[in-house]
4 protein chains.
Amino acid sequence: MGAVKSKRMPRAVREQQMLDAAVRTFGQRGYRAASMDEIADLAGVSKPLVYLYLNSKEDLFTACIRREAAALTAAVRAGVRPGLPADRQLWEGLRAFFTHTAQNPDGWAVLHRQARTHGEPFAAEITAMREEIVAFVTQLIVVAAREAHRNPSLAEREVAGLAEALVGAAESLAAWANATPGTSARQAAATLMNFAWAGLGNLMEGQPWAEAPESAGTPGPRP
Amino acid sequence: MGAVKSKRMPRAVREQQMLDAAVRTFGQRGYRAASMDEIADLAGVSKPLVYLYLNSKEDLFTACIRREAAALTAAVRAGVRPGLPADRQLWEGLRAFFTHTAQNPDGWAVLHRQARTHGEPFAAEITAMREEIVAFVTQLIVVAAREAHRNPSLAEREVAGLAEALVGAAESLAAWANATPGTSARQAAATLMNFAWAGLGNLMEGQPWAEAPESAGTPGPRP
Amino acid sequence: MGAVKSKRMPRAVREQQMLDAAVRTFGQRGYRAASMDEIADLAGVSKPLVYLYLNSKEDLFTACIRREAAALTAAVRAGVRPGLPADRQLWEGLRAFFTHTAQNPDGWAVLHRQARTHGEPFAAEITAMREEIVAFVTQLIVVAAREAHRNPSLAEREVAGLAEALVGAAESLAAWANATPGTSARQAAATLMNFAWAGLGNLMEGQPWAEAPESAGTPGPRP
Amino acid sequence: MGAVKSKRMPRAVREQQMLDAAVRTFGQRGYRAASMDEIADLAGVSKPLVYLYLNSKEDLFTACIRREAAALTAAVRAGVRPGLPADRQLWEGLRAFFTHTAQNPDGWAVLHRQARTHGEPFAAEITAMREEIVAFVTQLIVVAAREAHRNPSLAEREVAGLAEALVGAAESLAAWANATPGTSARQAAATLMNFAWAGLGNLMEGQPWAEAPESAGTPGPRP
DNA sequence: CATGAATGAGGGTTCATTCAT
DNA sequence: CATGAATGAACCCTCATTCAT
């Protein structure tokens with residue numbers, strides 16, 4: 001049994017316990033490999049109660065996605081101080097994002113790995129959350145560009161791609177840092193920032209890397 | 001039944017048909033949700049034949065991973081002309097990578113999403129492929145730094161981290177490009193190149209991004 | 001369906017029903033040929049319930065062995081009055097043994113035929129039971145020999161061989177009596193006793209049959 | 001592969017190789033657990049050839065039983081010199097029986113353990129062999145009684161029961177001797193002879209063991 | 001003759017889900 | 001409210017058996 005058994009808790013509390021157990025199980029095992037038995041056991045309740053409160057495995061998974069998505073976007077919003085310049089806001093948002101995902105690896109696994117792996121019922125949830133975050137970041141980047149009076153017409157899609165790339169790079173770095181002794185998570189974050197920031201800056205200045213045939217030796221857009 | 005039924009094929013051919021069906025099924029459903037029945041049906045053979053040739057679901061999945069990993073690394077290597085400057089080689093490698101993953105979305109899903117989600121038997125296969133690509137990219141970065149006659153003493157570990165980040169970003173971008181209609185491999189490659197190359201250049205010039213408190217308006221290291 | 005379907009029984013009762021069905025099926029078909037489907041059907045329950053209560057075919061078989069072994073040893077012990085002389089105790093023990101095995105042919109088949117045919121998981125269970133019974137019989141024989149002040153040093157192994165022979169003879173006789181109309185189990189037991197007892201007596205008196213070259217006409221140890 | 005592959009052997013030889021492999025596999029694994037694949041492999045031939053020569057698993061098993069039964073009865077007959085007194089003939093027959101079963105443990109396992117465990121198709125074969133041996137033993141007992149000029153009117157049925165018991169005891173002892181290291185065929189035969197001969201003698205002298213209530217200490221019919 | 005290719009049928013096991021108490 | 005009891009449906013895997021070459 002996973003949790004201490006204490007009877008007669010209000011429904012809201014019981015539900016959160018179930019969701020905690022479900023997020024952990026889904027995040028570690030995947031949607032299919034997670035069994036309702038294990039989840040109920042980990043939550044310290046009987047299986048029919050899980051069904052009474054959350055209807056089905058699909059609904060339970062959807063509830064997990066929704067709760068974790070809300071927590072993630074809340075964390076990002078809470079990490080950003082609205083008065084600051086846009087580049088600081090972006091930086092703070094990224095820090096909040098990486099901090100939250102590092103502290104909730106199972107929730108992040110549910111959102112990023114498991115939910116996308118499975119079919120239509122869940123993709124919509126993920127898309128909604130994703131759009132919210134991407135819209136937030138996009139807005140920050142656009143504002144930053146406007147503040148810098150440069151290149152105010154970044155395409156929406158391009159920003160979305162950047163977010164994807166950032167997240168992928170961050171995940172790889174995190175795994176690599178974990179597997180490489182002597183490398184802290186903070187260093188990994190700094191490396192990522194180094195890696196990414198200049199690229200964003202150039203993008204916003206309208207000086208992308210060009211497939212120039214004469215390009216040689218010196219990397220980067222400037223001579 | 002999925003395929004036209006033509007009896008009595010030599011074993012090698014049948015095996016490829018089975019792997020085709022398996023990659024497609026695993027890529028779309030995930031490892032657990034994919035059923036051997038569906039795979040056999042899609043391959044146009046009976047289930048016992050799949051087991052006769054490929055032993056088990058685990059072995060079949062491993063065979064998929066190995067085949068797709070080999071095809072991907074081969075495509076990347078084939079896309080790079082060795083004589084060119086390093087940044088051109090990187091660009092070509094990225095283009096080949098995104099082209100191949102766009103043309104083999106199921107294979108890429110197997111490698112990127114499904115294989116990493118499941119336990120030890122498969123992680124090793126992915127790690128091997130990844131290390132090969134990361135080594136390739138690392139070498140390109142080192143050569144580029146040497147060609148630029150700048151900062152030739154980039155720490156080995158830092159370069160490794162950069163390569164990890166680049167590869168991770170590429171992996172995520174590929175999945176995103178696959179899932180986003182209207183995104184070409186070329187665009188994806190350009191986005192990543194934009195995103196990454198300037199950062200690499202700054203790094204090599206010894207001008208990393210710094211969390212400067214006075215930073216305002218213009219993001220990036222330069223005023 | 002094998003049994004009347006009465007729903008919602010307490011677990012202990014259902015488990016006994018399952019064991020009844022399993023003993024019958026294993027005893028008649030053998031371990032491999034017995035199917036969980038048939039057992040569940042005969043028990044009047046669905047297959048998952050069998051697995052819920054008894055885990056696996058192996059565990060189910062082991063549970064059968066244990067239950068039947070316990071029942072057999074209990075029957076033998078219950079049939080013996082401890083105050084009597086050893087030869088009487090032995091006689092009563094044999095009677096109880098043959099009575100019980102005749103009344104539980106499937107259980108006896110499980111113990112004697114099926115369990116020994118299969119590998120390690122089950123052999124240990126049988127060995128344990130066997131040793132208990134053989135130890136019991138050995139003790140009786142040894143005590144009987146001591147009471148008779150004769151040949152108190154019968155070898156352990158020899159006694160074990162006698163037990164084997166007795167059991168084999170009894171089984172053959174039982175099958176033969178069953179197949180031969182007009183022959184009761186009691187007569188069979190008496191025949192066996194006739195057959196065996198004198199041999200035991202001679203053994204204990206230290207007058208074994210000898211491969212004497214001059215032996216002729218009169219069988220047995222006496223001239 | 002189990003056997004050296006030498007092509008183009010006459011059919012009779014190939015069949016014996018197959019039967020060798022089948023006896024070994026059936027004897028060790030049991031009828032159900034033995035697979036035609038393993039048998040064909042052990043025989044060094046392809047599976048369809050086994051079917052061409054021996055039709056089916058059932059027929060193959062039957063052929064094994066027949067061959068081993070014939071070999072056993074032949075060995076017993078060959079071990080007996082007809083001119084000797086009956087007890088000597090019995091002794092020699094037992095020795096031959098235990099020697100043969102010790103030298104062909106797999107064949108004996110097929111006859112004694114496996115064939116009896118499974119249904120009707122095979123039981124008939126075993127019954128036939130058994131009846132032949134029982135008839136042989138019965139005749140010996142009758143002749144012995146006549147030679148001893150005692151109690152020549154032993155009931156036919158009683159003698160048959162005795163023979164059954166003797167053969168059953170021999171069968172069990174043979175299996176036990178095979179499974180017990182350090183037990184020679186000669187010892188097994190002596191144990192059985194000891195065990196049985198005195199009882200036979202008493203029977204023929206009209207002194208059966210009786211369940212006398214006053215029996216104490218000394219087992220057996222004599223005071 | 002001999003074999004590689006192929007399969008229908010069934011067995012053990014698990015899982016999401018539901019009643020009756 | 002809460003739970004022990006129960007199951008239909010599937011899934012992975014194996015086996016005896018047969019063609020076409």
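Below, chain A is the first sequence line, B the second, and so on; all start at residue 1.
- C:Arg29 is linked by a side-chain contact (heavy atoms from CB on, under 4.5 Å) to C:Thr25, C:Ala33, C:Ala34, C:Glu38, counting only residues two or more places apart in sequence or in another chain.
- A distance of 5.0 Å separates CE in B:Met129 from CG in B:Leu111, rounded to the nearest 0.5 Å.
- To the nearest angstrom, P of F:dT7 lies 11 Å from CG of C:Asp41.
- In summary, D:Asp20 and D:Arg67 engage in a salt bridge, as defined by a charged side-chain N under 4.0 Å from a carboxylate O.
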Open item on the list: Let me check I have this right: for DNA chain E, each base becomes ., (, ), [, ] or |, based on Watson-Crick or G-U pairs with both distances under 3.5 Å. What is the full string?
Closed with: .||||||||||||||||||||
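- B:Tyr53 has its OH atom 10 Å from the P atom of E:dG4, to the nearest Å.
- Seen from the ring of A:Tyr51, A:Lys57 does not count as a face-on cation partner, given the 6.0 Å and 45° thresholds.
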TODO: Between protein and nucleotides 14-21 of chain F, map the contacts as a letter string: B base, S sugar-phosphate only, - none, heavy atoms under 4.0 Å, written 5' to 3'.
DONE: BBSBBBS-
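- Among residues two or more places apart in sequence or in another chain, the salt bridge (Lys or Arg N to Asp or Glu O under 4.0 Å) test is passed with C:Lys47 by C:Asp37.
- Put simply, CD on A:Glu38 is 14 Å from P on E:dT14, counting in whole angstrom units.
- Between A:Arg66 and A:Asp59 there is no salt bridge, since no side-chain nitrogen of the basic residue lies less than 4.0 Å from a carboxylate oxygen of the acidic one.
- B:Ala22 is linked by a side-chain contact (heavy atoms from CB on, under 4.5 Å) to B:Phe26, B:Ile39, B:Leu60, B:Cys64, counting only residues two or more places apart in sequence or in another chain.
- With rounding to whole Å, C:Leu49 atom CG is found 11 Å from F:dG8 atom P.
- Remark: C:Arg24 pairs with no residue by the salt bridge (Lys or Arg N to Asp or Glu O under 4.0 Å) rule, at least two apart or across chains.
- At whole-Å resolution of the value, CG in D:Leu54 and P in E:dA2 are 14 Å apart.
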